[in-house]
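Heads up, the thing below is written out as C-alpha cells.
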Amino acid sequence: MKERLSKDLQEIKQKGNYRSVRFIKPLTATKILYNFKEHLNLCSNSYLSLHVHPYLVDAARKALDVYGTGTCSSRSVSGSIDLYGELEREIASYKGYKDALIFSNGYMANIGIISTLTDRGDTIFSDELNHSSLIHSMRLSRAKKVIYRHRDVDDLEKRIKSDKGKGKKFIVTESIFSMDGDIAPLNDIYKLKKIYDVNVVLDDAHGTGVFGAKGTGVEESFGLAGSMDVHMATFGKALGSFGAFVLADRVVLDYLINRAKTFMYTTALPASLLATSLAALKLVRNDTSFKNELWANIAYMRENLKNAGFDLKESDGPIIPIVVGEDSRTVKMQEMLLGKGLFLQAIRPPTVPEGTSRLRLTVVRGFTRDEMDYAVQTLIQVGKTMGLI
Ligand SMILES: Cc1ncc(COP(=O)(O)O)c(C=O)c1O
C-alpha cells in the first residue's frame with residue numbers, strides 16, 4: 001500500500017498540486033505568526049472577526065465552568081444538553097425558519113442531508129461547482145445525479161424538464177460559492193421550485209452573518225428568508241464559532257434525527273461551542289454594525305483591486321478569487337506573497353476545476369486601512385511580476 005501511496009504523492013508533487021498543513025499561531029484578529037514571522041491573514045473565513053471577540057470568549061469560558069469540557073456522547077444518547085435547544089430556537093428565528101437541528105459541522109450536515117433525504121428514483125440537480133461535502137453526499141445517495149452548468153438557470157430548467165424520473169426532484173446549490181465568491185440566482189431557482197415542484201437544498205455556509213439587511217444570509221438579500229426546503233449553514237465562519245445547523249420543517253428534522261448517520265453516531269458538540277454560537281447570534285442580531293463594517297472593507301478592497309486591473313470574475317462579497325490558471329504558477333505566486341508577509345492559500349484541483357487554480361482572498365471586518373493598503377500594494381507588485389495585471 002505504502003508504495004502506491006508514495007507513487008501517487010510523487011505525481012501530485014510533479015503537478016504542483018501537493019498540499020501540506022502550515023502551522024500558525026494567531027496574534028490578533030487579522031495577524032498570525034507563521035514561520036516565526038508576522039503575516040496578515042488573507043484567507044480567514046471569520047468574516048466578522050468574531051472568533052476573538054471578548055463577548056464570545058467569555059461565553060465559552062462561562063459554559064466551561066458550568067458544563068465541563070466535553071459532552072462525551074452522541075446527541076441521541078446523552079449529549080443533547082439544554083443549550084442545544086436554546087441555540088436551535090435562536091438560529092431558526094434568526095434565519096426565518098420554524099425549526100433547526102444542529103450538527104457537529106457543516107461537512108457532516110451536508111453528508112447527512114442529501115444521502116438521507118433522497119432515495120432511489122429521485123433526481124438531484126447539482127451546480128457543477130458545489131462544495132465537496134455536497135458532492136460527497138450525493139455519491140452516497142441512490143438518487144440519479146444531474147450536473148447543471150454553474151449558476152445557469154436555463155440549463156437547470158432544461159434538465160429538469162427533460163428528466164424522466166418518477167420520484168422527487170432536488171436542486172442542490174451553495175448560496176455564495178466558497179471558491180468563486182459568486183452568488184446563486186436564488187430568485188430564479190425559487191421560481192423553478194414553484195413551477196416544477198422541486199425541493200431546494202441550500203448551503204449558506206459563507207452567506208450567514210454577511211448578506212441581507214439584517215445579515216441573516218443570501219436568502220434574505222433576495223427577499224426569500226425562510227423559503228427553501230432545506231437550508232444548511234455553519235457557525236464556523238462569520239459567526240466565529242464551530243458547528244452547523246439544518247433548517248427545515250419539523251418532519252424533515254425528525255427524519256434526520258432518526259436516519260442521518262452523521263447526526264446519530266457522533267459525539268455532540270461541547271457546551272462551550274454552543275454558548276459561543278449563542279453569544280455570536282446575540283451580538284449580530286442586536287447590532288448590524290459588525291456586518292456594515294465588513295462591507296465597508298469589502299468595498300475598499302474590491303475597488304482597489306479592480307482599479308489595479310485584477311479580474312475579480314463574478315464575485316461579490318468577502319470571497320475574492322484571483323485566478324492564476326496553472327497549479328505551479330499559483331503556488332509560485334503564493335510563495336512570493338508569503339515571503340512578503342501575506343498569508344493565503346493556492347487553491348488547486350480537485351477543489352477547483354483543472355486550469356483554474358487561484359488565490360482565494362477573503363476580506364474580514366477586522367482589517368485596518370493600513371493592513372488593506374499593504375495587502376493591495378503587495379498584490380499589485382506580485383501580480384505585475386507574475387504578468388496577471
Ligand atoms: C460551502 C461549504 N459548505 C460546507 C462546508 C463545511 O462546513 P464545516 O467547516 O463546518 O465542516 C464548507 C467549508 O468548511 C463550505 O465552504
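Computed from a predicted model, the values in this text were never measured in an experiment. Here, residue 1 is the first one in the sequence, and each next residue gets the next number. Numbering of ligands and ligand atoms starts at 1, following listing order.
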- [ ] Output all residues satisfying side-chain hydrogen bond (donor to acceptor under 3.5 Å, both in side chains) with Arg358, sequence neighbours left out; order by chain, then residue number.
- [x] Asp180, Thr356
TODO: Would you kindly specify which portion of Ala244 sits under 4.0 Å from ligand 1, judged on non-hydrogen atoms: side chain, backbone, both or neither?
DONE: neither
TODO: Number the atoms of ligand 1 from 1 as they appear, then name those within less than 4.0 Å of a heavy atom of His206, with their elements.
DONE: 1 (C), 15 (C), 16 (O)
Task: Close-contact set for ligand 1 against Asn105 heavy atoms, below 4.0 Å - done: 10 (O), 11 (O)
TODO: Give the ring-plane orientation class for Phe290 versus His53, where under 30° counts as parallel, over 60° as perpendicular and anything between as tilted.
DONE: perpendicular
Open item on the list: Apply side-chain contact (heavy atoms from CB on, under 4.5 Å) to residues Ile32 and Leu27 and explain how you reach the verdict.
Closed with: CA-CA 5 Å; Ile32 55 171; Leu27 297 173; 5.6 Å; no
Open item on the list: Using a 4.0 Å heavy-atom cut-off, which part of Asn110 comes near ligand 1: side chain, backbone, both, or neither?
Closed with: side chain
Task: Phe245 ring center within less than 6.0 Å of Phe103 ring center - done: no
Open item on the list: Using a 4.0 Å heavy-atom cut-off, which part of Met108 comes near ligand 1: side chain, backbone, both, or neither?
Closed with: neither
Task: Spacing of CE belonging to Met179 relative to CD1 belonging to Ile319, to within rounding of 0.5 Å - done: 7.5 Å
Open item on the list: In this structure, is the centre-to-centre distance between the rings of Phe177 and His150 below 6.0 Å?
Closed with: yes
Task: Test item, Gly236 contacting ligand 1 (heavy atom, 4.0 angstrom) - done: no
TODO: Just let me know how Asp203 lines up against ligand 1, side chain, backbone, both or neither, with a heavy-atom cut-off below 4.0 Å.
DONE: side chain
